[in-house]
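Take a look at the structure set out below.
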Amino acid sequence: MADPSTYRPAQGSIPTQPGVYRFSDQHGRVIYVGKAKNLRSRLNSYFADLAGLHQRTRTMVTTAAKVEWTVVRTEVEALALEYSWIKEFDPRFNVKYRDDKSYPWLAVSVGEEIPRVYVGRGAKRKGNRYFGPYSHAWAIRETVDVLLRVFPMRSCTKGVFNNARASGRPCLLGYIDKCSAPCVGRVTPEQHREIVEDFCQFIGGRSDVMINELEAAMADASEAMEYERAAVLRDDIAALRRAMEKNAIVLGDGTDADVIALAEDPLEVAVQIFHVRGGRVRGERGWVADRVEDGDTADLVERFLLQLYGATTEETALPREILVPTLPSGVEALTTMFSERRGSQVLIKVPQRGDKRTLLETVGRNAGEALVRHKTKRAGDLSTRNRALAEIAEALELPEAPLRIECYDISNLQGTEVVASMVVFEDGLPRKSEYRRFVIRGVEGQNDVASMHEVITRRFKRLLEDRKATADAADAAGAGVGEGPLLVDPTTGVPRRFAYAPALVVVDGGPPQVAAAAQAMSELGITEVALCGLAKRLEEVWLPDEEEPVILPRQSEGLYLLQRIRDEAHRFAITHHRGRRSKSMVESLLDDVPGLGEVRRKALIKHFGSLRALRRASLDDIAQVPGFGRQTATAVLAALAQQPGAPAVNATTGEVIVDTSQQGGDTESRTT
């Protein structure tokens with residue numbers, strides 16, 4: 001019996017989005033599949049006190065040895081994926097459904113002279129064609145009820161059918177046109193079988209093709225002025241669209257494809273693949289690997305495809321389509337090789353729109369989640385953190401491991417709204433309560449080197465001031481400088497904001513930024529704090545007054561920790577920068593609006609939160625802000641229309657997010 005705490009995910013590593021989770025035993029066999037609207041909330045319930053769990057649940061969690069999850073967009077996607085995997089893995093703890101029955105499926109008795117459609121459970125029978133499993137019996141019955149309007153096939157039992165045939169009168173469904181009434185000869189058995197075939201094709205994945213055919217028929221009827229028939233076809237199309245669940249887990253054209261997405265950083269790459277067969281996700285796999293060579297996303301995709309399909313087996317059989325985020329550099333050669341190996345055409349392409357693009361985005365989110373989980377697990381391991389700090393101390397020739405590390409980053413928009421961030425890591429973990437933000441005031445234009453000098457000067461000047469104030473307070477109270485808590489406020493006991501000196505300062509950049517930081521520390525007499533810079537291009541570690549960088553191995557835990565600290569400082573700076581930029585843009589755009597003073601400008605900013613939200617607002621939305629009327633709202637919209645929208649910036653990477661709906665605007669400018 002396993003202890004669930006031994007495989008419980010790290011705190012904060014479980015996402016809060018909808019998804020599907022899988023519990024596996026020590027042999028890797030999936031023993032339970034479940035879905036959740038909020039994965040974190042649901043999974044945490046399994047790791048509560050065992051005594052409070054249901055007996056079956058307690059047995060499941062003590063049998064399991066691992067839990068994994070896959071993120072999706074909506075609950076509907078989670079539902080569909082859950083049932084696909086229950087069918088795929090046949091988990092032992094999913095054998096019984098809520099009412100002690102198996103999952104419902106849809107059956108068509110194609111072996112009968114007059115086939116019928118019905119919902120059933122249990123063992124499958126010879127002579128029937130099956131679809132599913134589905135979520136709930138009532139859900140698929142509602143879907144069938146809608147589809148019978150378009151495909152009026154028999155759905156009655158054998159007894160009802162025989163009674164109608166004997167009496168010469170159809171049942172109610174025949175009178176309301178939800179059955180073509182083959183029992184009384186309204187259609188021949190051959191005509192009814194054609195209806196059945198159309199129904200099976202639609203349920204089996206050819207929904208898009210069938211809707212296109214109906215749309216073409218509706219257009220032809222309209223051109224021929226057969227408006228009643230066109231109206232019927234229009235209603236049929238609407239009914240089919242209602243029956244189709246639009247989500248990324250089911251593709252209406254019956255696609256056979258492998259959907260591949262990557263999430264990467266300079267040190268590692270996570271690859272996720274969804275196997276889609278017959279328009280449904282039948283399996284999912286993922287890997288996280290070290291990046292041992294430099295290369296762009298196209299190179300990574302090419303290497304992965306070669307590794308995955310280089311020696312195909314039944315498990316990795318080549319599909320008709322391979323959907324990727326970026327075309328590999330040798331796409332023509334790969335296409336030729338894979339097509340020869342499969343014996344038919346294999347397409348490698350990047351979906352641009354529609355369901356396939358949506359599914360690729362879902363796979364990409366799962367790859368990102370896998371990379372985050374991997375990094376969280378890696379960073380949360382105590383021995384790994386200790387090894388990382390020891391490697392940093394050895395590489396930088398420090399007397400001891402740097403238990404407190406501060407990292408600084410500069411962010412600006414073409415020299416305007418220059419801000420800096422300071423993030424703090426203690427024992428290899430972020431200390432977010434110690435994070436600080438700076439607005440650069442003494443530097444004109446875009447000058448990251450001078451900005452770095454200013455922020456380091458301000459930070460360590462505050463350190464000296466806090467130390468002096470604490471020492472003076474201790475002396476006034478009769479204590480010696482060496483006595484008492486010098487790093488806390490003597491009146492409140494709260495730690496002073498900048499009183500703790502770091503063991504190591506890391507700046508985002510190369511030799512110029514390092515030199516500026518070293519000069520600032522030297523001017524203040526700070527000699528006990530080590531300093532280095534991390535250049536993003538080649539992940540080189542630069543030391544003051546050194547002509548050559550320190551090169552840490554790419555698999556080094558020390559380099560991984562430095563990179564994580566640098567990326568966190570960059571994220572924190574970009575977040576601050578975006579907020580200030582949005583506020584300043586709103587204020588500058590609205591300076592010349594008649595009757596709009598400072599108070600109402602602030603009210604506008606507070607109400608909408610950002611310039612992007614304000615640009616999307618309508619006249620009525622603005623007029624509802626306290627102190628505004630339609631006349632002032634009209635003036636605000638006119639002022640916004642005169643200025644093109646600026647691009648958004650990714651808060652994690654700092655990259656510009658291109659908005660094709662807007663033209664012009666500024667671009668994000670950063671240098672390291």
Side-chain angles (χ1 to χ4, degrees), residues 17-20 70-74 76-78 80-81 84 204-212 215 241 244-264 269-287 296-309 316-339 342 344-371 650 655 657-661:
Q17 296 102 314
V20 182
T70 296
V71 177
V72 295
R73 289 185 310 144
T74 65
V76 175
E77 292 182 17
L81 188 55
S84 294
R206 292 190 67 251
S207 51
D208 288 348
V209 175
M210 194 154 294
I211 288 179
N212 291 337
E215 287 176 342
R241 292 193 185 280
M244 291 171 58
E245 295 215 294
K246 288 287 291 179
N247 60 74
I249 301 300
V250 179
L251 300 179
D253 58 357
T255 298
D256 286 343
D258 283 351
V259 187
I260 299 169
L262 284 71
E264 54 184 298
V269 57
V271 182
Q272 201 79 9
I273 176 171
F274 277 19
H275 301 287
V276 181
R277 300 296 182 267
R280 292 183 177 274
V281 176
R282 300 301 184 187
E284 173 247 1
R285 302 164 68 192
W287 301 264
D296 57 14
T297 303
D299 293 330
L300 291 172
V301 171
E302 181 175 3
R303 295 191 192 105
F304 176 73
L305 293 181
L306 283 172
Q307 179 179 340
L308 182 64
Y309 301 114
T316 58
L318 280 160
R320 287 193 299 238
E321 292 182 76
I322 302 174
L323 307 181
V324 293
T326 303
L327 287 178
S329 52
V331 61
E332 295 85 0
L334 285 174
T335 300
T336 302
M337 183 180 73
F338 293 163
S339 297
R342 186 177 190 271
S344 60
Q345 182 69 26
V346 174
L347 298 177
I348 303 175
K349 60 183 182 180
V350 180
Q352 301 297 325
R353 62 185 67 84
D355 289 343
K356 292 180 181 179
R357 180 66 188 182
T358 304
L359 180 55
L360 180 64
E361 292 169 356
T362 297
V363 181
R365 283 195 297 273
N366 280 276
E369 284 289 339
L371 187 60
N650 186 306
E655 298 174 343
I657 301 173
V658 178
D659 187 350
T660 56
S661 65

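If you're wondering where the values come from, they're calculated on a predicted model, not measured in any experiment.
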Item to check | Working for side chain to side chain contact (heavy atoms under 4.5 Å, CB included), residues Val276 and Val259 | outcome: CA-CA 7 Å; Val276 181; Val259 187; 4.1 Å; yes
Checklist entry - For Val269 and Phe304, what are the C-alpha separation, side-chain angles and deciding distance, and is it a side chain to side chain contact (heavy atoms under 4.5 Å, CB included)? => result CA-CA 11 Å; Val269 57; Phe304 176 73; over 6 Å; no
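Note: His275 NE2 to Asp256 CG = 12.5 Å, rounded to the nearest 0.5 Å. One distance of note links CG of Asp258 with CZ of Arg320; it measures 12.0 Å at 0.5 Å rounding. Taken to the nearest 0.5 Å, the OG1 atom of Thr297 stands 3.5 Å off from the CD atom of Glu264.
Leu360 and Leu323 get closest at one heavy-atom pair: CD1-O, 4.3 Å. Considering all non-hydrogen atoms of both residues, Val346 and Arg342 come closest at CG2-CD, 3.4 Å. When all heavy atoms are compared, the tightest approach of Thr362 to Phe274 is CG2-CE2, 4.5 Å. For Ile322 against Leu305, the heavy-atom pair with the smallest separation is CG2-CD2, 3.9 Å. Nearest heavy atoms, Leu327 versus Val350: N-CG2, 3.7 Å. For the pair Ala367 and Ala270, the tightest heavy-atom approach, listed with the atom from each and the gap, is O-CB, 3.5 Å.
Looking at heavy atoms from C-beta onward, Ile348 lies in side-chain contact with Val324 at the 4.5 angstrom threshold.
A side chain to side chain contact (heavy atoms under 4.5 Å, CB included) with Gln17 holds for exactly one of Arg73, Arg365, Glu369; it is Glu369.
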